[in-house]
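Here's the structure we're looking at; comments come further down.
Per chain, numbering begins at 1; letters A, B, ... match sequence-line order.
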2 protein chains.
Amino acid sequence: MGYLSCLDTVKPVRDAIDVISGKWKLPIIISVMTGNERFTDIQESIPGITPKVLAKELKDLEQHQLIKRIVIDDYPVKILYKPEPYADTLTPIIDALKGWGLKHRERIFNKE
Amino acid sequence: MGYLSCLDTVKPVRDAIDVISGKWKLPIIISVMTGNERFTDIQESIPGITPKVLAKELKDLEQHQLIKRIVIDDYPVKILYKPEPYADTLTPIIDALKGWGLKHRERIFNKE
DNA sequence: TATAGTACTTCCCTAAAGGAAAGTGATAAA
DNA sequence: TTTATCACTTTCCTTTAGGGAAGTACTATA
């Protein structure tokens, strides 16, 4: 009989996960928020990411209005990626994950 | 030339993502922390989860010492899942995701 | 003219995640 | 004796994520 309803928490958490899930989205947002603007700079700032994955995730993040793709019509054309204001709302999540990740690494080191 | 290093943030965030990634781990932790202890109760508290996925994720979470599997040798045998103290350290992450998810849903409603 | 940089795309492939449905072995209740 | 509950497992299948390597179209520089 009876399970306790945790839907009030589970539902919004899943909404958030749906947007930022995967191995790369948060790292890319962090990189862009740090000030990396060019495709190659972002790529080089995130170890292990391939151009294919980066291109795909950048499109995703643009659709969610977390970053902006800016074309500058010089010769040669420049393309810049900048964070949208909405990206700032992710800061508490990033901070929480960063804090937890740091302590988790400590914990694992101390065990072994 | 020169990209800005964001590794100080990217690395721990990726460590955290590696542990709690996927669609189901956080919902399961939330359910267990809410007080659901039995397999079927947890299953019923999370819409859409199948027993196969739940069984697999519970094993994962046990390995990471986030939950405990307790066998109670009555007749019939009972199995209980309880949160480990380490699960509490995830609360800031869950809260941040919950807060963001709620506002995100609002934002999307107001747009359309 | 050859080489390098920029911002990608294309192809091909594997692994992991995840869904659907049914089954299992134990006990228990009607 | 049939039905139900509990905690799963098994099988099969599809989807998604992601890695590797190469290519491309343009421009710039030596």
Of the candidates C:dC8, C:dG19, D:dA28, the side chain of A:Pro76 sits closest to D:dA28
Between B:Lys56 and B:Asp60, is the side chain to side chain contact (heavy atoms under 4.5 Å, CB included) condition met? List the steps. CA-CA 6 Å; B:Lys56 190 230 158 204; B:Asp60 263 35; 4.2 Å; yes
Against the side chain of A:Arg38, the closest entry in D:dA28, C:dT6, C:dG18 is C:dT6
- Item | Flag side-chain contact, heavy atom, 4.5 Å: B:Cys6 against A:Asn36 | yes
Testing D:dG18, C:dA22, C:dT9 for proximity to the side chain of A:Pro51, the answer is C:dT9
* B:Thr40 side-chain N/O to D:dA7 phosphate OP1/OP2 under 4.0 Å -> yes
Q. Any side-chain heavy-atom pair from A:Phe39 and A:Ile79 closer than 4.5 angstrom?
A. no
| query | Does the side chain of B:Val32 come within less than 4.5 Å of B:Glu37's, by heavy atoms? | reply | no
Of the listed C:dA7, D:dG19, C:dT9, the closest approach to the A:Phe39 side chain comes from C:dA7
**Prompt:** Side-chain N or O of A:Trp24 less than 4.0 angstrom from OP1 or OP2 on D:dG19?
**Reply:** yes
From NZ of B:Lys52 across to C1' of D:dT15 the rounded distance in Å is 12 Å
In whole angstroms, the gap separating P of D:dT27 from CD1 of A:Ile79 amounts to 13 Å
Whole-Å distance, B:Lys56 NZ to D:dT11 P, equals 18 Å
Requested in this report: Classify the nucleic acid contact of B:Lys59 as base, sugar-phosphate or nothing, counting any heavy atom under 4.0 Å across all strands shown.
Outcome: sugar-phosphate
From CZ of B:Arg69 across to P of D:dA7 the rounded distance in Å is 9 Å
Atom NZ of A:Lys78 and atom C1' of D:dC26 are separated, to the nearest Å, by 16 Å
Just by modelled atom types, is the B:Ile28 backbone N or O under 3.5 Å from a matching donor or acceptor in the B:Ser31 side chain? no
From CG of A:Leu54 across to P of D:dG20 the rounded distance in Å is 15 Å
From CG of B:Asp74 across to C1' of C:dT27 the rounded distance in Å is 12 Å
- Message: Below the 4.0 Å mark, does C:dC8 have OP1 or OP2 next to a side-chain nitrogen or oxygen of A:Tyr81?
- Response: yes
note: B:Lys25, atom NZ; C:dG18, atom C1'; distance rounded to Å ~ 12 Å
It should be established whether B:Lys23 places a side-chain nitrogen or oxygen under 4.0 Å from OP1 or OP2 of nucleotide D:dT16. no
